[in-house]
Asker: 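Supplied in structure tokens, the structure appears directly below.
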Amino acid sequence: MENVFDYEDIQLIPAKCIVNSRSECDTSVTFGKHTFKLPVVPANMQTIIDEKIAIYLAENNYFYIMHRFEPEKRSAFIKDMASRNLISSISVGVKEEEYSFVEELTKENLIPDYITIDIAHGHSNAVINMIKHIKKHLPETFVIAGNVGTPEAVRELEHAGADATKVGIGPGKVCITKIKTGFGTGGWQLAALRWCAKAATKPIIADGGIRTHGDIAKSVRFGAYMVMIGSLFAGHEESPGETIEKDGKLYKEYFGSASEFQKGEKKNVEGKKMIVEHKGSLQDTLVEMEQDLQSSISYAGGNKLEAIRTVDYVVVKNSIFNGDKVY
Ligand SMILES: NC(=O)C1=CN([C@@H]2O[C@H](COP(=O)(O)OP(=O)(O)OC[C@H]3O[C@@H](n4cnc5c(N)ncnc54)[C@H](OP(=O)(O)O)[C@@H]3O)[C@@H](O)[C@H]2O)C=CC1
Ligand SMILES: Nc1nc2c(ncn2[C@@H]2O[C@H](COP(=O)(O)O)[C@@H](O)[C@H]2O)c(=O)[nH]1
């Protein structure tokens, strides 16, 4: 495999500006039947999203994916979102009870707009069978399947009926898959995204490893239609979980979906728990993300997100921050 690189190793090359103000640049993206303000989705993790945040995001035209760790709440959630005339977007696993859950949704005529199959190793028959099951019972629902890290996996999941695939095994901030198993796209996530995008005929979500807003533009350049982000969304006022005070500073917890803390047992643990600095309001971060992405579009020499997809780039091997801290 040639050209292995990650976010840190790449700089996009500016093209002649065609706008008079960054505010003229349009960051919106169409994903499935809907158009959203940003090509960004907060990770479907329990310390990143809850019902209240989902409503806020949907009301304000941002894409969201509800996590699957309170399975009994999902039907009521879909009903509630429908009663508010908002999109519904949920996650499922692949265990036996999830098959019955999908069938129940059909019986109750609860049709989610989006379902994400949220599994660590998505290149598997378990995921292929679940895609087929959802497409059989809920044919109108847009199915996102993952996670994967190879073109073969993207092709197989698309062939099974997935409407989008999610790329990223091991690059996450609270991930320890790379350490515990020796496998994954950690350290070369951006190159893996590029590799997968070349094979994809449907949209790809880049998942994990985003550390700066510029990484969103880089993901778009290398083939992402959506970018899933955990750690940058953790620690906000609205984020689920307790605020912790330590040495006079405020923090919030962020834990992996495969952490011992999430699982409640020490079995196949591939995630950890950490605390992150309290960041203020989610809305401020979303606005800053939009402004930064508008600026990226202007540097790409366009006024729409599409302009970023074709910009030139250079590989600067781990040197773009010159040893500086990111912020
Ligand atoms: N993006 C990433 O890099 C990663 C993300 N995660 C997140 O952690 C959460 C838990 O993930 P996951 O463990 O898949 O979900 P589950 O714990 O729900 O497991 C789903 C099913 O798949 C089986 N399974 C899980 N991993 C493997 C594997 N490597 N090979 C064969 N079978 C497997 C499990 O059986 P059994 O447990 O008996 O093996 C179980 O039956 C998810 O939210 C996922 O997104 C976890 C790791 C990596
Ligand atoms: N290996 C693990 N990966 C995990 C776990 N929980 C979540 N995730 C993945 O991380 C991203 C978020 O990454 P970030 O760099 O933006 O913080 C998330 O969307 C999942 O794909 C876990 O326990 N283990």
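Atom set for the values below is all heavy atoms of this structure, side chains included, hydrogens, waters and symmetry mates excluded. Atoms within each ligand, like the ligands themselves, are counted from 1 in listed order.
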Asker: Out of Asp207, Thr47, Ile176, who is nearest to atom 18 (C) of ligand 2 when you count heavy atoms only?
Answerer: Asp207

Asker: Under 4.0 Å from a heavy atom of Ala43: give me the atoms of ligand 2 that qualify, with their elements.
Answerer: 19 (O)

Asker: Against ligand 2, does Ser259 come closer than 4.0 Å with any heavy atom?
Answerer: yes

Asker: Is the contact between Arg211 and ligand 2 made by the side chain, the backbone, both, or neither, using heavy atoms and a 4.0 Å cut-off?
Answerer: side chain

Asker: Measure Ile119 to ligand 1 on non-hydrogen atoms and call it side chain, backbone, both or neither using the 4.0 Å cut-off.
Answerer: both

Asker: Heavy-atom contacts with Ile169 under 4.0 Å: which atoms of ligand 1 show up? List them by number with element.
Answerer: 3 (O)

Asker: Give the contacting part of Phe183 toward ligand 1: side chain, backbone, both or neither, where contact means a heavy-atom distance below 4.0 Å.
Answerer: neither

Asker: Could you identify the single nearest non-hydrogen protein atom to atom 3 (O) of ligand 1 and state the distance to 0.1 Å?
Answerer: Gly170 N, 2.7 Å

Asker: With heavy atoms only and a cut-off of under 4.0 Å, state how Tyr254 meets ligand 2: side chain, backbone, both or neither.
Answerer: side chain

Asker: Kindly identify the option in Gly93, Gly186, Ala120 whose heavy atom sits closest to atom 47 (C) of ligand 1.
Answerer: Ala120

Asker: When you compare ligand 1 with Asp118, is there at least one nitrogen or oxygen pair between them that comes in under 3.5 angstrom?
Answerer: yes

Asker: Nearest non-hydrogen atom to atom 2 (C) of ligand 1 belongs to which of Cys175, Gly168, Gly146?
Answerer: Gly168

Asker: Flag Ile210 as yes when one of its N or O atoms lies below 3.5 Å from any N or O atom of ligand 2, and as no otherwise.
Answerer: no

Asker: Please could you name the atoms of ligand 1 that Val94 approaches to less than 4.0 Å, counting only its heavy atoms?
Answerer: 20 (C), 21 (C)

Asker: Quickly, which of Lys279, Glu290, His213, His236 forms a side chain to side chain donor-acceptor pair (under 3.5 Å) with Thr285? Name it, please.
Answerer: His236

Asker: Quick one: look at Asn44 and ligand 2, take heavy-atom pairs under 4.0 Å, and tell me if it's side chain, backbone, both or neither.
Answerer: neither

Asker: Arg68: heavy atom below 4.0 Å from ligand 1, yes or no?
Answerer: yes

Asker: Is Gly209 near ligand 2, meaning one of its heavy atoms is under 4.0 Å from it?
Answerer: yes

Asker: With a 4.0 Å heavy-atom cut-off (strictly under), which part of Asn44 contacts ligand 1: side chain, backbone, both or neither?
Answerer: neither

Asker: Number the atoms of ligand 2 from 1 as they appear, then name those within less than 4.0 Å of a heavy atom of Met228, with their elements.
Answerer: 19 (O)

Asker: Among His121, Glu96, Met45, whose heavy atom sits nearest atom 29 (N) of ligand 1?
Answerer: His121

Asker: Regarding ligand 2, does Ala258 bring an N or O atom to under 3.5 Å of one of the ligand's N or O atoms?
Answerer: yes

Asker: Tell me the contacting part of Lys272 for ligand 2: side chain, backbone, both, or neither, using a 4.0 Å heavy-atom threshold, strictly below.
Answerer: neither

Asker: Less than 4.0 Å from atom 12 (C) of ligand 2, is there any heavy atom belonging to the protein?
Answerer: yes

